[in-house]
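Predicted model, so just to flag it, every value in this text is computed and none were measured. Residue numbering restarts at 1 for every chain, and letters A, B, ... go by the order of the sequence lines.
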Amino acid sequence: MLQTTFIRDNRELTIAGLIKKHYKDPEAAVDRIIELDRLRRETQQELDAVLTQSNAKAKEIGGLMKEGKKAEAETAKGETAVLKERSKELDEQHKSIEEELQSELVKLPNLPHESVPEGRTAEDNINELEQGAKPVLPEGAQPHWELIKKLGGKQAPIIDFELGNKITAAGFPVYKGKAARLQRAMIAFFLDEAGKAGYTEVQVPILINADSGFGTGQLPDKEGQMYHDAADDLYLIPTAEVPVTNQYRDVIVQENDLPIKNVAYTPCFRREAGSWGAHVRGLNRLHQFDKVEIVQICKPEDSYQALEAMSDHVKGLLEKLELPFRILRLCGGDMGFTSALTFDFEVWSAGQERWLECSSVSNFETYQANRLKLRYKTADKKTQLLHTLNGSALALPRILASLLENNQQADGTIRVPAVLVPYCGFDTIE
RNA sequence: AGAGAGAUGGCAGAGUGGUCGAAUGCGGCGGUCUUGAAAACCGUUGUAGGGUAACCUACCGGGGGUUCGAAUCCCUCUCUCUCUGCCA
């Protein structure tokens, strides 16, 4: 959430940022907020004045009662009626203005960083880096949804979508044998790598309440994208970002505890309402998937350096997995609601001959922190909002897809990257 | 799920209608003393909104009510703890 004072002091800048993000009618929205803020302060000043009088009268009556001046006290009581009436009126006005201000404020996305390119769609993203040679596949190479059918021996298919469909629904696959083992190996590898990079591992709930959903910006913006348990009013997490970051909701951090670096493995759940298309096959898009997420909370002046470091960490993982990838700097129209700057990592999927997004690393600046009330005390004792960042490191399914496809051998087996062998205990899937 | 108890500042914990933003202890910060540290002593120490400022206002789990006046009384919701039950 953007800060009212910032909008008030930076009207043009705010509008320009919203335009870059393709927000409709930004001028009207910004001006309405500035107007509501003016009204709010005006009403509060009047309300405070009335309350000051009321408080004074109440004290006066208390004094008179003590002195036994009953009659005078009664007279004074009569005088409070008008004040009471007026304060009630102003209080209601103040509340409704604040409510409207809040609901307008919540609609605004974060402003993009100056380095964010102009553009509306994925076509306009900037290719920052492309690394690793695309493999030359053997004759008869296939996409992963075909490969899995023949893998796993008697257990085939090694990733069973039909079975998951029976148990739950489409988009909830069952991983069997070496596929299951490989999943666990990747999770352990990713967690270990993050540990080496200084991230503290945390295990967090995968159900969250509405306050947490609001804190990181999933609510109210993405209400329909999360699975919701109506009985207890809890949501299944779409990403570990939500519970991990919400650890620090309503917290004032000690300056020397910064930066905070957490890593968590969780399953993630996405309803993907409306985005299920015919071209979305196999592991490309799921309702449930596994992900290791890194989160950083740091001082404003350090956040872009942290973003760089997080990007490098993700890059390192892909290098170690020997997968070709590219890094995109997302344009204004393609980036997320809460983000100021996002790098998407896409892994090359040789069987499909297309890039698959496998990580998204973002700096949210103070946007989440403002909702979370996540702050720290500066050396001169001022309370200031922190910056929050997160990134996938990594999301498993598309890594697995490209691993299967890129590493398919002429004999139909799959080569496991060396770095995972100690974790899973085999170097080939047949 | 049943019965009972409770929710107060970073923590512990007092406060049952006015002088309470709130005693006291611990912790934190600053100082005195000391070669240094500890101890002791002195001072200081919540959050938010408004105001150029002096200062004003709100907040004692959330919401509502009674009253001139509520941390304190009433209603309601939520949560926590203890015991019983169930259970990985």
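- By the side chain to side chain donor-acceptor pair (under 3.5 Å) test, A:Tyr248 is found to be paired with A:Asn262, residues two or more places apart in sequence or in another chain being considered.
- Summarising the base pairing, B:rU32 is matched to B:rA40 through a Watson-Crick or G-U wobble pair whose two defining distances lie under 3.5 Å.
- Under 4.0 Å is where a charged nitrogen must lie from a carboxylate oxygen, and between A:Glu146 and A:Lys149 at least one such pair does.
- Taking 4.0 Å as the cut-off between side-chain N and carboxylate O, A:Lys95 and A:Asp91 count as a salt-bridged pair.
- Each side-chain hydrogen bond (donor to acceptor under 3.5 Å, both in side chains) pair with one or both residues in residues 385-395 of chain A, not counting sequence neighbours, appears once here: A:Glu241-A:Asn390, A:Ser303-A:His387, A:Gln368-A:Thr388.
- With both ends at atom C1', the span from B:rG49 to B:rA1 equals 45 Å, rounded to whole Å.
- For the segment residues 207-220 of chain A, the set of residues with a heavy atom within less than 4.0 Å of an atom of RNA chain B is empty.
- With both ends at atom P, the span from B:rG61 to B:rA14 equals 14 Å, rounded to whole Å.
- Comparing B:rA58 with B:rU44, their P atoms are spaced 25 Å from each other, to the whole Å.
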Between protein and nucleic acid, restricted to nucleotides 9-12 of chain B and to nitrogen or oxygen atoms under 3.5 Å apart, what atom pairs and distances do you find?
none

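- Between the side chains of A:Glu272 and A:Gln225, no donor-acceptor pair of N or O atoms lies under 3.5 Å.
- There is a side-chain donor-acceptor pair under 3.5 Å between A:His22 and A:Arg120.
- Contacts of A:Arg249 classified as side chain to side chain donor-acceptor pair (under 3.5 Å), with partners at least two apart in sequence or in another chain: A:Ser212, A:Asn246.
- Applying the side-chain contact (heavy atoms from CB on, under 4.5 Å) test to A:Asp232 and every residue at least two apart in sequence or in another chain returns A:Asp229, A:Leu234.
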Dump every N/O contact between nucleotides 44-46 of chain B and the protein below 3.5 Å, one line per pair.
none

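- Look at the P atom in both B:rC77 and B:rC29: the space between them is 45 Å, to the nearest Å.
- Between B:rU66 and B:rU57, the distance separating the two C1' atoms is 23 Å to the nearest Å.
- For A:Lys84, there are no side chain to side chain donor-acceptor pair (under 3.5 Å) partners two or more places apart in sequence or in a different chain.
- Looking at residues two or more places apart in sequence or on another chain, you find a side-chain contact (heavy atoms from CB on, under 4.5 Å) between A:Asp233 and A:His228, A:Tyr235.
- Look at B:rA71: it lacks any Watson-Crick or wobble partner with both distances under 3.5 angstrom.
- Listed pair A:Arg375 / B:rU47 fails the phosphate criterion, with no side-chain N or O lying under 4.0 Å from OP1 or OP2.
- Going from the C1' atom of B:rA12 to that of B:rG17 covers 27 Å, rounded to whole Å.
- Annotation: of the two residues near RNA chain B, A:Ile61 and A:Ala58, the 5′-most nearest-nucleotide partner is A:Ala58.
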Distance-only donor-acceptor hits, side chain of residues 154-162 of chain A, under 3.5 Å, sequence neighbours excluded:
from, atom 1, to, atom 2, distance (Å)
A:Asp160, OD1, A:Glu162, N, 3.2
A:Asp160, OD1, A:Leu163, N, 2.9
A:Asp160, OD2, A:Lys176, NZ, 3.1

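- Here the separation of B:rU80 from B:rG28, taken at their P atoms, is 31 Å to the nearest Å.
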Going 5' to 3' through nucleotides 51-66 of chain B and flagging B where a protein heavy-atom sits under 4.0 Å of the base, S where only the sugar-phosphate is that close, and - otherwise, we get S----SSS-----S--
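- The number of heavy-atom neighbours closer than 6.0 Å to CD of A:Glu114, taken from other residues, nucleotides and ligands shown, is 12 or below.
- With RNA chain B read from its 5' end, the first of the two nearest nucleotides for A:Lys77 and A:His94 is the one closest to A:His94.
- Nucleotides B:rG27 and B:rG10 place their C1' atoms 7 Å apart, quoted to the nearest Å.
- Residues meeting the side chain to side chain donor-acceptor pair (under 3.5 Å) test with A:Thr5, sequence neighbours left out: none.
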